[in-house]
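Written out below as structure tokens is the structure these notes cover.
The chain is numbered in sequence order, starting from 1.
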Amino acid sequence: MVLALPHLDPGVAPTMQPSQDDELQKQYLDLLQMKKELEESCKKKDELLHDAQRALAEEQDKRETAEREKQLLEERCEELQQKLKLIEITFKKSMIQLKKEMEEKENLRREQDERIRRLEAQMSALTANKQNAKNYCFSKIIANDKEENSLEPSWWSKICMLINELYSLITKFFTCG
């Protein structure tokens with residue numbers, strides 16, 4: 001708000017008295033002082049307004065930056081959650097496959113144990129049969145040799161020896177593999 005002094009007509013000036021001049025000059029100086037104060041106040045208000053606008057702009061930038069960072073973090077979180085889900089699925093599939101393989105190995109081990117048990121039973125039977133055959137052969141050989149009383153072994157003795165060798169070979173085969 002600027003206050004202006006009324007323009008004095010030059011013809012009126014000589015009629016004024018000196019006290020009125022002093023009073024008017026004093027009012028004029030007061031008005032100039034008020035004008036100066038109002039201008040300084042306006043400048044300060046402009047500076048404050050400018051500072052406030054700059055602070056608001058900075059705050060807006062900070063909010064926008066924080067919002068962008070939040071969005072990036074949310075996207076990263078979503079990516080990590082998806083990766084975690086994939087890892088969980090892969091883990092579950094791997095566990096299922098591992099259990100299946102373990103069951104297959106256990107079944108194979110049972111089958112091998114059963115084969116070993118059967119082979120051992122066959123070996124026991126063969127060993128028993130061999131002993132019985134050996135005893136039978138020797139009794140026949142002795143009986144046959146007594147009848148023939150010859151220095152050369154009889155056919156029956158040769159057959160028994162061949163059977164003995166066959167049992168030995170079969171026993172070796174089953175024990176080696």
Contacts of type salt bridge (Lys or Arg N to Asp or Glu O under 4.0 Å), residue [X], not counting sequence neighbours:
| X | value |
| --- | --- |
| Arg109 | Glu106, Asp113 |
| Asp46 | none |
| Glu75 | none |

[X]: side chain to side chain contact (heavy atoms under 4.5 Å, CB included) partners, not counting sequence neighbours:
| X | answer |
| --- | --- |
| Glu74 | Lys70, Gln71 |
| Leu166 | Ile170 |
| Arg118 | Glu114, Arg115 |
| Arg54 | His50, Asp51, Glu58 |

Pair listing, salt bridge (charged side-chain N to carboxylate O under 4.0 Å, His left out) test, anchored in residues 76-93, at least two apart: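 Only Arg76-Glu79 qualify under salt bridge (charged side-chain N to carboxylate O under 4.0 Å, His left out).
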What residues form a side-chain hydrogen bond (donor to acceptor under 3.5 Å, both in side chains) with [X], not counting sequence neighbours?
| X | result |
| --- | --- |
| Glu40 | none |
| Asp61 | none |
| Thr90 | none |

Show me the donor-acceptor pairs, under 3.5 Å and distance only, between side chains in residues 96-104 and residues at least two apart or in other chains.
{"from": "Gln97", "atom 1": "NE2", "to": "Glu101", "atom 2": "OE2", "distance (Å)": "3.2"}

